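Each ligand, and each atom within it, is numbered from 1 in the order the structure gives. Any value given below was found using the heavy atoms of this structure, including those in side chains, with hydrogens, waters and symmetry copies removed. This one's a predicted model, so the numbers in the text were calculated from it and none came from an experiment.
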Amino acid sequence: MDYRTALITGASSGMGRSVARSLARGGTEVVLCARRVPELEALAAEIRSAGGRARVVEMDVADTERTVASIRAVDAEIGGLDLVMANAGIGRAIDAKRLRWERISQLCLINFNGAIATLCAVLPEMVKRRRGHLVGVSSVGALAPFPGVGAYGASKAGLSMFLASIRLDLRGTGVAVTCIHPGFVRTEMTAHLKKPMPLALESDEAADLILAKLGSHPAEINFPVSMTAVARAVAALPAPLRDAALLRFPTPDEDVDDGA
Ligand SMILES: NC(=O)c1ccc[n+]([C@@H]2O[C@H](COP(=O)([O-])OP(=O)(O)OC[C@H]3O[C@@H](n4cnc5c(N)ncnc54)[C@H](OP(=O)(O)O)[C@@H]3O)[C@@H](O)[C@H]2O)c1
């Protein structure tokens, strides 16, 4: 993998941590970003003790101005980021009958605004350098209107659309764009789910799938392919058939015990 440097948001756990660890093992200097600094420091120490290079940046992507400023600063210090991966995200399932703005505002801010801010932070610098790869971690939930996850699905669909569109603008600039649509992955985000997670992967397995393909700069990385294909096929049905199909999907466990 020819990334000299890479910045990954949400590197304190799950897929972000797995991807960062693997990149560092392959010789990439990784910039680990998230809110939980002790977890980032522990990963950085592990990477350094294995002979790799890692920096830690405390970052709350919901604070988009500081996120952009931090990424620009690290880009200048490190001599140019080759890969920026907007991976930070939170999940939340709420039946729309219990939907309140207070319950989803952080999700919208983190998953959409935070991801877009991350991806835009050094985009012009990458274009000037004619080198860079912008990657966003979306979800299979972006591909069809599954019940119970309207805000999550919308935040991820917005991210997917953003990436698909800027990929066209950036053709010929040397800046690549990739959108990742994972199905279920066993991470902190899904640890509380009691219902079965079909075809679920471990986060290291997901990272291996991502890194096996990332170097070829694909428009999308979808896994499991059967799940993303079914989601797309269902979404393409006429609305009455689509609704009937999606209402047969199990609704996810709800997270509404937040006092909002
Ligand atoms: N697990 C799945 O089944 C699945 C499926 C499809 C897509 N995804 C997506 O994959 C991405 C990674 O999630 P994961 O499954 O690996 O879950 P995870 O282990 O919970 O990791 C989420 C990461 O995002 C970070 N994060 C959350 N809010 C943040 C904020 N405001 N600012 C900065 N960092 C923040 C967390 O770090 P801190 O708490 O330390 O800030 C953590 O490192 C997410 O975008 C998620 O939506 C997951």
Under 4.0 Å to a heavy atom of [X] - the qualifying atoms of ligand 1, by number:
{"X": "V137", "answer": "9 (C), 10 (O), 11 (C), 45 (O)"}
{"X": "G89", "answer": "22 (C), 24 (O), 27 (C), 44 (C), 45 (O)"}
{"X": "Y152", "answer": "6 (C), 7 (C), 8 (N), 9 (C), 46 (C), 47 (O)"}
{"X": "M59", "answer": "32 (N), 33 (C)"}
{"X": "I90", "answer": "27 (C), 28 (N)"}
{"X": "E188", "answer": "19 (O), 20 (O)"}
{"X": "K156", "answer": "44 (C), 45 (O), 46 (C), 47 (O)"}
{"X": "D60", "answer": "30 (C), 31 (N), 32 (N)"}

Close side-chain approach of [X] to [Y], heavy-atom, < 4.5 Å:
{"X": "R100", "Y": "I94", "value": "no"}
{"X": "V234", "Y": "R242", "value": "yes"}
{"X": "S155", "Y": "L107", "value": "yes"}
{"X": "I210", "Y": "V137", "value": "no"}
{"X": "T178", "Y": "I221", "value": "yes"}

Practice task
Answer yes if V177 and L214 sit in the same cluster of Ile, Leu, Val, Met, Phe, Trp and Tyr residues linked by side chain heavy atoms under 4.5 Å apart, and no otherwise.
Solution key: no
Practice task
State yes or no: do I71 and L163 share one hydrophobic cluster built from I, L, V, M, F, W and Y residues joined by side-chain heavy-atom distances below 4.5 Å, directly or via other members?
Solution key: yes
Exercise for the section: Closest by any non-hydrogen atom to atom 11 (C) of ligand 1: pick that one out of V37, N87, T67. Expected result: N87
Give yes if a backbone or side-chain nitrogen or oxygen of [X] is under 3.5 Å from a nitrogen or oxygen of ligand 1, and no if not.
{"X": "G10", "result": "yes"}
{"X": "A34", "result": "no"}
{"X": "V185", "result": "yes"}
{"X": "V140", "result": "no"}
{"X": "T190", "result": "no"}
{"X": "N111", "result": "no"}

Practice task
Flag yes if more than 12 heavy atoms outside R232 fall under 6.0 Å of its CZ atom; otherwise flag no.
Solution key: yes
Practice task
For atom CE of M161, decide whether the heavy atoms of other residues, nucleotides or ligands shown that lie under 6.0 angstrom number more than 12.
Solution key: no
Problem - Side chain D82, main chain G132, donor-acceptor under 3.5 Å - result: no
Problem - Cationic N near anionic O, under 4.0 Å, E39 to R17 - result: no
[atom]: nearest protein contact (heavy atom, Å):
{"atom": "atom 36 (C) of ligand 1", "result": "S12 OG, 3.8 Å"}
{"atom": "atom 46 (C) of ligand 1", "result": "M189 CE, 3.3 Å"}
{"atom": "atom 15 (O) of ligand 1", "result": "T187 OG1, 2.7 Å"}
{"atom": "atom 35 (C) of ligand 1", "result": "A88 CB, 3.6 Å"}
{"atom": "atom 27 (C) of ligand 1", "result": "R35 NH2, 3.3 Å"}

Exercise for the section: Please name the pair of heavy atoms, one in V185 and one in S203, separated by the smallest distance, quoted to 0.1 Å. Expected result: CG1-CA, 3.7 Å
Handout entry: Mode of V61 contact toward ligand 1 - side chain, backbone, both, neither (heavy atoms, under 4.0 Å)
Key = both
Practice task
Examine the proximity of ligand 1 to S138 and report which part, side chain or backbone, both or neither, has a heavy atom under 4.0 Å away.
Solution key: backbone
Practice task
Work out whether the distance between some heavy atom of A86 and some atom of ligand 1 is less than 4.0 Å.
Solution key: no
Practice task
On the 0 to 90° scale, with breaks at 30° and 60°, tag the Y3-H133 ring pair as parallel, tilted or perpendicular.
Solution key: tilted
